[in-house]
Each structure stands twice: as C-alpha cells, then as structure tokens.
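Single-structure report; data block below.
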Number of protein chains: 2
Amino acid sequence: MKYTEFENCGLKKSLDMISGKWNPLILYHLFHQGNYRFNELWQTIPKVSKKVLTKHLRQLEENGLIQRKEIQGFPPRTSYNLSNKGKKLGPILKDLDNFGNS
Amino acid sequence: MKYTEFENCGLKKSLDMISGKWNPLILYHLFHQGNYRFNELWQTIPKVSKKVLTKHLRQLEENGLIQRKEIQGFPPRTSYNLSNKGKKLGPILKDLDNFGNS
DNA sequence: CAGAATCCTTGAGGATACTG
DNA sequence: CAGTATCCTCAAGGATTCTG
C-alpha cells in the first residue's frame with residue numbers, strides 16, 4: 001500500500017474521525033449518557049474552549065458520527081447525540097481501550 | 001470520565017500509539033511482509049524523512065508494538081518486525097478500516 | 001445559550017546536510 | 001546503512017472577547 005492509497009483507505013478515515021484531541025471524550029460521554037446540550041457537554045469537558053468544542057462537534061457531525069438538533073426558541077438550544085453509525089464505533093473503541101490497558 | 005482520567009485510560013494510550021502520521025502505514029507493512037530493514041521500510045514509504053521515520057519507529061518500539069534488532073558488522077543493519085503485542089492490533093485496525101469504508 | 005471572531009502558542013512533521 | 005543534527009513550516013488547539 002502506497003501513501004496515496006493510504007490517504008483514501010478506511011483506516012485513515014476512521015483515525016481522522018476519532019483522533020481529534022477531544023473526540024474520544026465527546027464520544028465517550030454521548031455513549032454513556034446519550035444526549036447533551038452544548039453547554040452541558042462543555043461543562044462536562046471544561047478544559048476545552050467553546051471554539052474547539054464546536055469545531056470537534058462539527059467534524060463529528062460531518063463524518064456522520066453524531067447528530068445535531070436545534071431546538072427553536074430563545075435562548076437557542078442544541079442537542080447532540082450519537083447517530084447509528086456512531087454507535088457502531090462503540091465496540092471498536094472498547095477494543096482499543098482494552099488493548100491500551102493490556 | 002474526566003479529562004485527567006481520560007489521559008490515563010487505555011483508549012487514549014492506544015490512540016497515542018497508532019495516531020502518528022506514519023504509524024498505521026508502518027504497521028500495515030510489517031503486518032503484510034513481516035520483516036523490514038530500515039532503508040527497505042524507508043523506500044517503501046518514501047515520503048517520510050529518515051528523522052521522522054526513526055522517531056515513529058522508536059515510539060512504536062517503546063510502546064512494545066515492534067521489535068528492533070541490530071545486526072552486528074559493517075555497514076550497520078537493523079531489522080524491524082511486529083511484537084506479539086503488535087500483532088494483536090491487527091484485528092482492531094481491520095475493524096477500523098471496515099468502519100471507515102462503510 | 002450556543003456559538004463566532006480574533007490573536008497566539010506549541011509541537012508534529014518536513015527539508016537538508018552530516019556521520020560512525 | 002542507519003541513523004543525527006539543524007533549521008523551518010504549518011495547523012491544531014488555546015485564551016479571550018463579542019453577539020444574535
């Protein structure tokens with residue numbers, strides 16, 4: 001496999017999806033509590049700036065791992081939860097966790 | 001899970017082990033051909049500089065995923081191959097590859 | 001509340017030259 | 001052959017302030 005091929009392979013795509021600094025933690029929380037509003041998630045992971053948290057969430061959404069819902073009204077609210085695709089990552093992340101602990 | 005806990009969890013450790021730019025490709029080649037000398041590997045992945053390739057290999061070795069053997073004599077030779085631990089990553093990387101292709 | 005805008009720091013990775 | 005040694009670039013992430 002050459003580098004140009006690697007760039008398009010599934011492994012690379014998967015790693016790009018989850019390797020952002022906060023992505024594993026975001027996914028972890030969505031796995032275990034299901035549903036978060038933006039500020040709720042931010043307070044759960046207080047060390048990340050809102051800008052960066054937003055960026056991570058946008059990428060996760062673009063990659064189809066999470067869903068973002070706007071709730072109409074004022075003040076504005078958003079709700080984030082895992083997509084079906086995102087849920088399929090669960091066992092793999094668990095495998096990686098076990099591997100890292102071995 | 002708080003960030004401080006995440007820093008020490010297995011998932012973080014695993015991601016740190018494999019998320020270096022060239023690590024997946026290095027592991028891929030070692031999986032499929034078993035044994036490489038330094039220059040052989042470098043010519044297989046020619047876009048990486050020797051400095052960076054060395055750094056990746058050192059880290060993989062420190063994390064116990066690969067083994068490095070020096071062959072005495074001149075010119076110097078080294079041989080790299082997967083450790084038993086490294087081989088256990090195979091199925092997980094395959095899962096990630098499938099996931100990324102889905 | 002859920003971001004967007006702005007400016008800044010840091011380190012991973014790259015390019016090139018040198019060496020035992 | 002298998003690396004070191006230097007110098008350099010760039011983008012991820014951080015800090016802070018502003019807004020509909």
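Residues B:L15 and A:P24 share a closest heavy-atom pair of CD1-CG, 3.5 Å. Closest approach of A:L53 and A:V48 over heavy atoms only: N-CG2, 3.7 Å.
Judged by distance alone, with hydrogens and angles left aside, the side-chain atoms of A:W22 form no donor-acceptor pair with the main-chain N or O of A:H56 at under 3.5 Å. Here the side chain of B:N81 pairs no donor or acceptor atom with the backbone of B:Y36 at under 3.5 angstrom. With hydrogens and angles disregarded, a donor-acceptor distance shorter than 3.5 Å links the side chain of A:S83 to the backbone of A:L65. Side-chain N or O atoms of B:K85 include one that pairs as donor or acceptor with a backbone N or O of B:N63 at under 3.5 Å. Between the side chain of B:H29 and the backbone N or O of A:M1, at least one donor-acceptor pair lies under 3.5 Å.
Annotation: salt bridge (charged side-chain N to carboxylate O under 4.0 Å, His left out) contacts involving residues 37-66 of chain B, sequence neighbours excluded, are absent.
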> When you check every protein heavy atom under 4.0 Å of nucleotides 4-11 of chain D, what one-letter string (B, S, -) results, 5' to 3'?
Replying inline: SBBB----
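Of the residues in residues 66-74 of chain A, not one places a heavy atom less than 4.0 Å from an atom of DNA chain D. For residues 3-42 of chain B, proximity to DNA chain D is found at B:R37, B:F38, B:N39, defined as any non-hydrogen atom under 4.0 angstrom from a strand atom.
The salt bridge (Lys or Arg N to Asp or Glu O under 4.0 Å) check on A:R68 picks up A:E70, with sequence neighbours excluded. Considering only residues two or more places apart in sequence or on other chains, A:F6 meets the ring-ring contact (aromatic ring centres under 6.0 Å, His included) condition with none of them. Contacts of B:K12 classified as salt bridge (Lys or Arg N to Asp or Glu O under 4.0 Å), with partners at least two apart in sequence or in another chain: B:E7, B:D16. Considering only residues two or more places apart in sequence or on other chains, B:E5 meets the salt bridge (Lys or Arg N to Asp or Glu O under 4.0 Å) condition with none of them. In this structure A:F31 satisfies the ring-ring contact (aromatic ring centres under 6.0 Å, His included) test with no other residue, sequence neighbours excluded.
Between A:Y80 and A:K69 there is no side-chain heavy-atom pair separated by less than 4.5 Å.
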Enumerate, atom names and distances included, each donor-acceptor pair closer than 3.5 Å involving a side-chain atom of residues 88-97 of chain B, sequence neighbours excluded.
residue	atom	partner	partner atom	Å
B:D97	OD1	A:G10	N	3.0
B:D97	OD1	A:L11	N	2.7

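In this structure, the helix from C:dC1-D:dG20 to C:dG20-D:dC1 shows an angle of 50° between the axis at its start and the axis at its end, each fitted on 5 base pairs and rounded to 10°.
In 5' to 3' order, the nucleotides of DNA chain C bounding all contacts with chain B (an atom under 4.0 Å from a heavy atom) are C:dA12 to C:dG20.
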